[in-house]
Protein chains: 2
Amino acid sequence: MKGERQDAVQGGAGGRPERRALDSEQIIRAAIGLLDAEGVDGLTMRRLGELLDTTAAAIYWHVRNKQELMRLASDAIWAELRLPDLEEVGWREASIAMAQEMHAMFQRHSWLVPAMPVDAPYGPGRTLRDDHLLAICSAAGFTASDAEHARETIVAFVVGSCVTATSRRSLVLGLQAVHDGLQTRIAARP
Amino acid sequence: MKGERQDAVQGGAGGRPERRALDSEQIIRAAIGLLDAEGVDGLTMRRLGELLDTTAAAIYWHVRNKQELMRLASDAIWAELRLPDLEEVGWREASIAMAQEMHAMFQRHSWLVPAMPVDAPYGPGRTLRDDHLLAICSAAGFTASDAEHARETIVAFVVGSCVTATSRRSLVLGLQAVHDGLQTRIAARP
DNA sequence: ACCTGAACACCGTTCAAGT
DNA sequence: ACCTGAACACCGTTCAAGT
């Protein structure tokens with residue numbers, strides 16, 4: 001565990017905000033703030049240090065490097081995504097809901113898509129969402145491997161819609177087309 | 001016109017390659033070489049200058065800035081895309097062929113997707129391809145606005161497939177699903 | 001018209017040294 | 001254990017000055 005520190009906030013009845021020692025969660029939150037406010041170029045180790053009332057070098061004690069920080073920040077955002085309950089809605093509704101929430105997430109955090117790593121593995125936040133969408137596709141009646149393809153198709157379409165900045169109407173119609181297409185594949189099964 | 005220069009290659013029977021004066025086409029080609037070889041971080045005005053046997057500052061006479069250079073390089077790649085002939089194949093075949101060529105293009109030039117501008121308008125190379133794909137969708141029997149949506153859906157899916165690095169099989173199945181979905185929309189028309 | 005050299009205002013990262 | 005200061009090796013871009 002890394003959470004405890006020996007000399008906590010001294011006193012407690014102190015005056016101003018009492019800038020606590022750094023911890024990685026705090027760094028990640030500040031990084032996200034910078035990214036949301038100023039885009040991917042707005043995040044700079046130096047500026048981040050300044051924002052946290054320290055030096056850029058101090059950050060390196062808590063985080064390996066900037067790339068790692070981006071990974072952590074991205075995963076923290078993915079963790080925001082709600083997971084629709086399959087007991088309550090059908091697979092198609094659940095899938096489209098997740099897709100639309102993903103789209104909204106990317107809109108809110110425009111730095112997320114460009115930051116998607118091609119090589120490195122995803123973090124736990126994203127992995128959990130991916131797994132949930134896979135479960136939704138499985139519930140649709142796909143074979144295991146087709147469910148995988150279906151999930152990839154849906155995510156690809158949403159991500160691409162963000163990169164290409166399609167209109168909201170195109171998103172909705174596109175999602176319909178994608179799900180119609182997936183459904184005909186299920187229907188074609190023996 | 002910017003093409004002519006008063007003092008061309010002197011002589012012609014000279015010894016080594018006779019490093020000609022810079023021109024923007026040459027700069028773009030060199031930039032693409034750097035990008036292909038080393039990714040988006042491999043392109044540096046300084047390295048590019050070195051590669052062209054000049055200084056970084058020299059490039060700024062021919063190109064406004066790095067962003068502009070990226071735009072020009074991207075558009076040059078888009079211009080590579082073949083345009084399927086609608087006289088020879090059906091719309092679905094043509095559309096899928098274009099989509100697959102786009103995908104291959106993005107695979108060959110992995111820096112292309114991250115470089116896609118959200119704000120700035122596309123160059124003529126890309127615009128021409130977009131228009132052709134729109135024509136293909138129109139030939140499918142969509143209304144004008146639905147053809148637009150269809151095109152956006154197809155491009156979004158292909159771009160997203162590259163960002164998320166889906167498997168080739170997922171690409172093929174996804175394209176099928178997308179086109180099936182689009183087709184059911186056409187079929188639902190009065 | 002076209003290019004060079006040097007400068008400016010930045011970067012990410014490391015590392016000795018401090019507490 | 002955690003942070004600071006200073007340094008290193010870079011960036012993109014500008015601009016006087018050269019030819």
Side-chain angles (χ1 to χ4, degrees), chain A residues 1-10 17-28 30-32 34-35 37-74 111 114-115 117 120, chain B residues 1-10 17-28 30-32 34-35 37-74 111 114-115 117 120:
Chain A
M1 296 298 131
K2 222 179 177 190
E4 67 241 319
R5 41 179 39 85
Q6 55 216 61
D7 57 340
V9 181
Q10 92 273 51
E18 265 325 328
R19 136 164 159 47
R20 317 179 85 275
L22 279 181
D23 74 52
S24 55
E25 200 181 325
Q26 179 187 173
I27 291 174
I28 293 168
I32 290 173
L34 230 33
L35 287 164
E38 321 207 24
V40 77
D41 292 334
L43 176 59
T44 269
M45 299 308 262
R46 287 171 147 95
R47 299 235 277 143
L48 185 57
E50 212 172 330
L51 186 65
L52 290 167
D53 253 328
T54 23
T55 162
I59 295 167
Y60 284 85
W61 204 90
H62 302 273
V63 152
R64 187 186 304 279
N65 53 29
K66 191 180 179 182
Q67 188 184 305
E68 167 80 356
L69 178 56
M70 284 297 276
R71 257 198 65 253
L72 292 169
S74 298
W111 47 275
Chain B
M1 293 298 132
K2 222 182 177 186
E4 67 245 311
R5 39 179 41 84
Q6 54 218 59
D7 57 340
V9 182
Q10 94 271 52
E18 267 325 325
R19 135 161 161 46
R20 320 177 84 279
L22 278 181
D23 74 53
S24 56
E25 200 182 325
Q26 178 187 173
I27 292 173
I28 294 168
I32 290 174
L34 230 33
L35 288 164
E38 321 208 23
V40 78
D41 292 334
L43 177 60
T44 270
M45 300 308 263
R46 287 172 146 94
R47 299 234 277 142
L48 185 56
E50 213 172 332
L51 186 63
L52 290 167
D53 253 328
T54 22
T55 161
I59 295 168
Y60 283 85
W61 203 90
H62 302 273
V63 152
R64 187 186 303 279
N65 54 28
K66 191 180 179 181
Q67 190 184 303
E68 167 79 355
L69 177 55
M70 285 296 276
R71 257 198 64 256
L72 292 169
S74 299
W111 47 273

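Treat the numbers as computed from the prediction; the structure is a model and nothing was measured. Residue numbering restarts at 1 for every chain, and letters A, B, ... go by the order of the sequence lines.
- Note: A:Y60 OH to A:I27 CD1 = 11.0 Å, rounded to the nearest 0.5 Å.
- Between the CG atom of B:D23 and the P atom of C:dC3 there is a distance of 9 Å, rounded to whole Å.
- If you find the closest nucleotide of DNA chain C to A:R47 and to A:R64, the one lying nearer the 5' end belongs to A:R47.
- Going from atom NZ of A:K66 over to atom P of D:dC11 covers 15 Å, rounded to whole Å.
- One can place CE of B:M45 at 12 Å from C1' of D:dT14, the figure rounded to the nearest angstrom.
- When the nucleotides D:dC11, D:dG5, D:dT14 are ranked by their closest atom to the side chain of A:A57, D:dG5 comes out on top.
- Applying the 4.0 Å criterion to OP1 and OP2 of C:dC3, one finds that B:T55 has every side-chain N and O outside that range.
- Taking only side-chain atoms of A:Y60, from C-beta outward, the nucleotide of C:dC11, C:dT14, D:dC3 with the closest atom is C:dT14.
- When rounded to the nearest whole Å, the span between CH2 of A:W61 and P of C:dT13 equals 18 Å.
- Looking at B:L69 and B:L48, their side chains come closer than 4.5 Å, going by heavy atoms from C-beta outward.
- Atom CG of residue A:L35 and atom CG of residue A:L43 lie 4.5 Å apart, to the nearest 0.5 angstrom.
- Residue B:L22 holds its CG atom at 4.5 Å from OG1 of B:T54, rounded to the nearest 0.5 Å.
- Rounding to whole angstrom units, CD1 of residue A:I59 and P of C:dT14 are separated by 13 Å.
- Side-chain proximity of B:T54 to the nucleotides C:dC3, D:dT13, C:dT13 is greatest for C:dC3.
- Of the charged side-chain nitrogens involved, none lies within less than 4.0 Å of a carboxylate oxygen, so that A:E50 and A:R47 do not count as a salt-bridged pair.
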- Message: Reading 5' to 3' and counting Watson-Crick or G-U wobble pairs with both distances under 3.5 Å, write the dot-bracket notation for DNA chain D, | for bases paired outside the strand.
- Response: ||.|||||...|||||.||

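- Rounding to the nearest 0.5 Å gives a distance of 12.5 Å between CD1 of A:I28 and CE of A:M70.
- Note: CG (B:D53) to C1' (C:dT4) measures 14 Å, nearest angstrom.
- Among the nucleotides C:dC3, D:dC3, C:dT13, the one closest to any side-chain atom of A:N65 is C:dT13.
- When distances are taken from the side chain of B:R46 to each of C:dT13, D:dG12, D:dC3, the shortest belongs to D:dG12.
- The structure places CD of A:E25 at 11.0 Å from CG of A:L72, a figure rounded to the nearest 0.5 Å.
- A sub-4.0 Å separation between OP1 or OP2 of D:dC3 and a side-chain N or O of A:H62 is present.
- Across all strands, B:L43 comes closer than 4.0 Å only to sugar-phosphate atoms, never to a base (heavy-atom distances).
- The CD-C1' distance, from A:E50 to C:dA9, rounds to 14 Å in whole Å.
- Between the CD atom of A:E38 and the P atom of C:dC11 there is a distance of 11 Å, rounded to whole Å.
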